[in-house]
Amino acid sequence: MFDLATRTALVTGGGQSVGEGIARTLGGQGAHVLVNDIVAERAHRVVDAIQAAGGSAEAVIFDVTDLDAVQRSCASTGVIDIVVNNAGNGGAEGMRPRPFKDMTPADWEGPIRVNLYGVLHTTHAVINGMLERGWGRLITISSGAGSIGVGIGVSPYSAAKGAGQAFMRSIAVEVARTGVTANSVALGLMENVAGGEVTGPLAKSIPVGRLGTPDDVGAMCVYLASDEAAWVTGQTVHVNGGSLTT
Ligand SMILES: NC(=O)c1ccc[n+]([C@@H]2O[C@H](COP(=O)([O-])OP(=O)(O)OC[C@H]3O[C@@H](n4cnc5c(N)ncnc54)[C@H](O)[C@@H]3O)[C@@H](O)[C@H]2O)c1
C-alpha cells in the first residue's frame, strides 16, 4: 500500500523543517521528489539526503510567489503527479505576531502572497497535465489558524491559510470526476515553532503531550498522495496531536 514508485512529487519549500520531512517521506515511498525552495542550498541539501537514503530527487529552485517562474519551472521538469504546497511562513521566519490594528499592508501582503498565491500558482501550473493524464494529487499544508480563530496576532496568515483550504475544497469539487484530488493538511504546533524546541506549558497543552514532527506530516501526505486515497477529496485533515477536534 501507499507505493509512490511511479509518481513524481513537487514539494514547495521542501528545503527545511516540515517541507523537508514531507520530501523525505515521499522519497522513502518511492516517489521522484522535486524539492523546491527559494533558498537553493536548502533544496540541494534535502536532495542529497534523499539520494543518500536510496531515493530519487532533484532540486527545483523558484519563488512560489512568482507565477512566471513557477510556470517555467514546472513546464521544464515534465510530468508532475503530486504537488505538496508547503512553502509558507509558519515557522520562525516571517512570523511576527501582533495585533491587526498595528499592522500595515506590508504585513499582510507577504503572508497572502506566499500562503495563498503560491498555492494558486503551482496549481495553475500543473492542473492541465493532471487532467490530461487523469490522475493527480494536490495537497496544501495549512494550519489550525486557517480553521479557527487563534487570537495570537497572525490574522493575515490565518486568512491566507483559510483561503487555501477553501481553494482546495473548491477545486476538489470542480475536478472530482477526473482522478485528481485536492486536500489540505492543517497543522498544529510543530517542533520548529519560534525557531527552536518548545517545551513546557505550550507542549503540554497538546492532548498527546508533544509537538508535531515533520514525519507526522509526511505520513499524512504519503496517504493523501496514494492511489488508496482516491475517495478522499475536498477535505481539511487536522494533524495536531488532538489540539483542535471538530
Ligand atoms: N511550524 C509550525 O508550527 C506550523 C504550524 C502550522 C502550519 N505550518 C505550515 O507548514 C508549512 C511549513 O512551515 P515550516 O514551519 O516548516 O516553515 P519554515 O519557515 O521552517 O520552512 C519554509 C521553507 O519554505 C521556503 N520558502 C519560503 N518562502 C518561499 C517561497 N516564496 N518560495 C519557495 N520556497 C519558500 C523557505 O526557504 C523554507 O525552506 C507552512 O505552510 C506553514 O504555514 C507550520
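Ligands are counted one by one from 1 in listed order, and the atoms in each one are counted from 1 as well.
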Which part of [X] is near ligand 1, with near meaning a heavy atom under 4.0 Å away: side chain, backbone, both or neither?
{"X": "Ile141", "answer": "both"}
{"X": "Tyr157", "answer": "side chain"}
{"X": "Arg42", "answer": "side chain"}

Per-atom contacts, ligand 1 versus [X] - under 4.0 Å to a heavy atom:
{"X": "Phe62", "answer": "32 (N), 33 (C)"}
{"X": "Asn36", "answer": "33 (C), 34 (N)"}
{"X": "Val39", "answer": "37 (O)"}
{"X": "Asp63", "answer": "30 (C), 31 (N), 32 (N)"}
{"X": "Val114", "answer": "28 (N), 31 (N)"}
{"X": "Val18", "answer": "12 (C), 16 (O)"}
{"X": "Lys161", "answer": "40 (C), 41 (O), 42 (C), 43 (O)"}
{"X": "Ser143", "answer": "6 (C), 7 (C)"}

Trp108 with Val150, same ILVMFWY side-chain cluster at under 4.5 Å: no
Heavy-atom pair with the smallest gap, counting every atom of Trp135 and Val180: C-CG2, 4.1 Å
Exercise: identify the closest heavy-atom pair between Ala230 and Arg137: CA-NH2, 3.7 Å
Short N-O contact, Glu191 and Arg210, less than 4.0 angstrom: no
Do Arg7 and Asp227 sit within salt-bridge range, that is, some charged N less than 4.0 Å from a carboxylate O? yes
Counting both backbone and side chain atoms, is some N or O of [X] under 3.5 Å from an N or O of ligand 1?
{"X": "Leu187", "value": "no"}
{"X": "Leu189", "value": "no"}
{"X": "Thr65", "value": "no"}

Out of curiosity, is [X] lining ligand 1, as in a heavy atom under 4.0 Å away?
{"X": "Asp37", "value": "yes"}
{"X": "Ser142", "value": "yes"}
{"X": "Glu191", "value": "no"}
{"X": "Gly188", "value": "yes"}

Going through the checks in order, is the side chain to side chain donor-acceptor pair (under 3.5 Å) test met by Thr213 and Asp215? CA-CA 5 Å; Thr213 67; Asp215 288 350; 5.2 Å; no
Within the structure provided, determine whether Met190 and Val18 are in side-chain contact (heavy-atom separation under 4.5 Å). yes
Ser170 side chain vs Phe167 backbone, donor-acceptor pair below 3.5 Å: no
Asp107 (side chain) donor-acceptor with Thr104 (main chain) under 3.5 angstrom: yes
Option with minimal heavy-atom separation from atom 22 (C) of ligand 1, where the choices are Gly88, Ser17, Ala69: Gly88
CA sep, side-chain torsions, deciding dist, call: Ile22, Arg24, side-chain contact (heavy atoms from CB on, under 4.5 Å): CA-CA 6 Å; Ile22 295 167; Arg24 286 178 180 242; over 6 Å; no
Any chance OH of Tyr117 has more than 12 other-residue heavy atoms, nucleotides or ligands included, within less than 6.0 Å? no
Candidate list Asn115, Asn36, Thr122, test side chain to side chain donor-acceptor pair (under 3.5 Å), partner Asn85, passing option: Thr122
